[in-house]
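This report concerns only the one structure given below.
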Amino acid sequence: MDLLNIVKDAGIIGAGGAGFPTHAKLTSKAEYILLNGAECEPLLRVDQQLMERFPDEIIKGLEAAGRYIEARKAIIGIKGKHKEVIILLRQRIGALGLSNYMEVMELRDIYPAGDEQVLVHELTQRIVPEVSIPLKVGCVVINAETALNISKAMAGNPVTETYITVAGDVPQRLTVKVPVGVSIRDVLRQCGVENADDYAVIDGGPMMGSVMNNVDGYVTKKSKGYVLLRKDHFLIRKKSVSLDRARIIGKTACEQCRMCTDLCPRYLLGHNMQPHKIMRALSYNLEDVKEQQIAQLCCECNACELFSCPANLHPRSVNKFYKQKLAEQGIKYQPILMDFQVRSARDYRLIPSKRLVARIGLTAFDKPAPLTQVEFKPEYVSIALRQHIGAPATPVVAIGEQVKAGQMIAKIPDNSLGAAVHSSFNGTVTEIKDNSILIKVGSYV
Ligand code: SF4
Ligand code: SF4
């Protein structure tokens with residue numbers, strides 16, 4: 001079987017959070033394959049530790065994907081502050097005889113270094129055009145955990161687990177390997193918190209993650225981190241403001257200083273994303289949604305809302321509001337330019353991670369979250385059929401059927417973008433719903 005089909009059968013998706021099916025990235029040829037090891041979300045500690053713990057597997061997974069798409073070079077992007085990991089990766093690349101093919105490049109400690117378009121520019125000096133993808137400039141980007149999963153798939157193991165950092169205002173910060181389908185409460189318990197309901201929990205990183213309404217869900221392949229904070233923490237209060245409230249405040253209080261634009265990472269890459277203009281449209285009650293098409297250039301990194309705006313307003317949320325309106329009306333941004341130049345002041349306007357962490361009130365919690373071995377012994381696992389971008393997977397098992405750990409339980413629907421889903425334990429299928437399969441964990445006879 002060729003690599004594309006191995007990756008497809010193993011249900012590999014982008015482990016960086018977006019969940020794009022990885023096999024779809026392998027259908028094109030590209031000049032570069034880039035490993036996104038930036039992990040720029042504050043407090044999350046997955047990729048940096050995986051690169052340290054599994055360097056050979058990650059290097060081999062990246063190499064295999066790179067050779068498959070006929071990339072002439074593979075580049076690992078990792079922040080320069082992870083000096084020991086960088087030394088290790090360089091040693092292992094040399095020991096594996098890949099020095100002519102692969103190199104490690106050090107990224108600045110800025111936010112959002114892991115935004116695909118920022119990463120492409122930092123590693124290749126190329127700029128992905130507006131509303132486009134890295135492939136347009138000859139690059140395919142995969143995440144460090146995705147490369148590890150490719151390596152595992154080549155050894156016959158599909159994706160049945162994910163690595164998660166549990167961090168924040170908790171007694172014990174840690175990073176754990178969690179079988180897909182385990183309850184989130186089971187994971188949160190590992191950080192020494194008795195009752196997670198006493199906390200607000202962010203699903204993902206503090207910048208782009210959202211505050212969960214409740215923690216009664218289950219881990220998916222996309223789960224990367226949970227950040228627990230007191231309910232009255234600044235970040236929770238800010239993230240909990242409704243879209244309606246954000247619009248009302250923005251309408252009256254925006255002073256048009258344009259800091260949100262001047263520090264916007266997409267604007268700094270030369271794109272036309274200018275959130276202050278969107279805020280102006282809001283203030284003036286401009287009803288012509290079509291004129292606000294630039295809102296579609298926002299990657300929702302949240303830098304404007306959580307760092308740049310001196311008035312503590314919500315430009316990202318307002319962008320999102322206009323994005324929704326544009327989508328409802330079927331309007332798509334039409335780029336005027338195709339060649340982009342970074343703004344001349346970009347180097348002076350990058351957001352240092354340390355200052356960002358301080359700004360969002362997380363300095364006290366910016367500590368290691370060591371990779372820790374935990375054995376999860378759930379009674380049931382609930383495995384979602386849609387853990388990825390695309391169509392939900394179609395069950396291929398029946399109620400009452402015994403399944404083995406690693407067995408495919410749902411496949412990609414015909415002619416659709418999607419990802420296969422596998423059982424994370426031996427057990428018996430007890431329920432099949434529209435969106436998940438419930439498995440009672442037990443022995444396979
Ligand atoms: S930074 Fe804040 S106050 Fe300044 S233009 Fe943007 S939204 Fe308005
Ligand atoms: S969230 Fe704000 S800073 Fe980030 S891309 Fe969108 S407009 Fe720019």
Side-chain angles (χ1 to χ4, degrees), residues 14-18 33-62 74-93 102-116 118-119 122-123 141-152 161-168 170 172-178 187 190-191 202 204-209 221-227 301 351-357 360 362-363 365-374:
I33 185 143
L34 309 178
L35 186 97
N36 191 347
E39 195 158 49
C40 60
E41 275 280 6
L43 310 192
L44 300 195
R45 310 277 190 252
V46 171
D47 293 336
Q48 49 203 260
Q49 296 192 80
L50 292 184
M51 287 186 282
E52 188 172 18
R53 189 69 71 92
F54 306 107
D56 286 18
E57 290 86 344
I58 289 173
I59 289 167
K60 286 177 185 169
L62 178 66
I75 304 175
I76 297 178
I78 174 171
K79 287 186 175 176
K81 67 179 177 183
H82 300 303
K83 293 200 182 328
E84 287 171 12
V85 188
I86 291 168
I87 292 169
L88 176 66
L89 287 169
R90 285 183 175 145
Q91 274 173 356
R92 295 313 305 157
I93 289 169
M102 192 176 291
E103 72 171 297
V104 179
M105 286 181 70
E106 298 181 25
L107 299 167
R108 293 180 272 193
D109 194 10
I110 54 163
Y111 182 83
D115 171 53
E116 262 195 359
V118 172
L119 185 92
E122 292 289 309
L123 297 181
V141 182
I142 62 171
N143 162 270
E145 190 174 348
T146 306
L148 176 61
N149 286 337
I150 292 174
S151 217
K152 287 183 183 172
E161 52 203 17
T162 181
Y163 288 85
I164 296 176
T165 293
V166 188
V170 293
Q172 199 190 343
R173 297 162 195 93
L174 76 174
T175 300
V176 278
K177 182 167 76 176
V178 186
V187 181
Q190 308 305 321
C191 67
I202 298 173
M207 292 301 287
M208 294 184 73
K221 296 181 214 176
K222 275 198 306 184
S223 305
K224 196 86 177 170
Y226 298 113
V227 177
C301 71
I351 299 174
S353 297
K354 258 201 172 0
R355 279 186 56 201
L356 173 70
V357 167
I360 58 178
L362 296 181
T363 303
F365 317 127
D366 190 15
K367 299 190 170 150
L371 196 50
T372 307
Q373 191 154 2
V374 172

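The figures here come from the full heavy-atom set of this structure, side chains too, leaving out hydrogens, waters and symmetry mates.
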task: Not counting sequence neighbours, which residues clear side chain to side chain donor-acceptor pair (under 3.5 Å) with K152? List them please.
output: E161

Residue list, side-chain contact (heavy atoms from CB on, under 4.5 Å) with N143, at least two apart or on another chain: A15, D47, E145, T146, K224

- prompt: Can you name the salt bridge (charged side-chain N to carboxylate O under 4.0 Å, His left out) partners of E52, sequence neighbours left out?
  reply: none

- prompt: Looking at side-chain heavy atoms only, is the closest gap between S223 and V178 below 4.5 Å?
  reply: no

Taking distance alone, no hydrogens or angles, what donor-acceptor pairs closer than 3.5 Å link side-chain atoms of residues 366-373 to residues at least two apart or in another chain?
{"unit_1": "D366", "atom_1": "OD1", "unit_2": "R45", "atom_2": "NH2", "d": "2.6"}
{"unit_1": "K367", "atom_1": "NZ", "unit_2": "A364", "atom_2": "O", "d": "3.3"}
{"unit_1": "T372", "atom_1": "OG1", "unit_2": "P370", "atom_2": "O", "d": "2.8"}

message: Any side-chain to backbone donor/acceptor pair from E122 onto A113? Under 3.5 Å, distance only.
response: no

C301 vs M207 side-chain heavy atoms within contact, under 4.5 Å: no

task: With sequence neighbours left out, write down each residue that passes side chain to side chain donor-acceptor pair (under 3.5 Å) with T165, or none if nothing qualifies.
output: T175

Counterpart residues, side chain to side chain donor-acceptor pair (under 3.5 Å), relative to E39 (two or more places apart): Q48

statement: All heavy atoms of I76 vs all of M51, minimum pair found to be CG2-SD, 4.3 Å

- line: Those residues at least two apart in sequence (or on a different chain) that pass side-chain contact (heavy atoms from CB on, under 4.5 Å) with R90 are I86, V104, E106

- prompt: Taking only residues two or more places apart in sequence, or in another chain, which ones meet N149 in a side chain to side chain donor-acceptor pair (under 3.5 Å)?
  reply: none

field: Test salt bridge (charged side-chain N to carboxylate O under 4.0 Å, His left out) applied to E116 - qualifying residues, sequence neighbours left out
entry: K25

message: Going by the rule salt bridge (charged side-chain N to carboxylate O under 4.0 Å, His left out), which residues pair with K83 if we only count those two or more places apart in sequence or in a different chain?
response: none

- prompt: What closest approach, in Å, do L107 and A38 show between heavy atoms, and which atom pair accounts for it?
  reply: CD1-CB, 3.7 Å

task: Can you sort out the partners of Q172 under side-chain contact (heavy atoms from CB on, under 4.5 Å), two or more places apart, ordered by chain and number?
output: L174

statement: Sorted by chain and number, sequence neighbours left out, salt bridge (charged side-chain N to carboxylate O under 4.0 Å, His left out) with K79 holds for D109

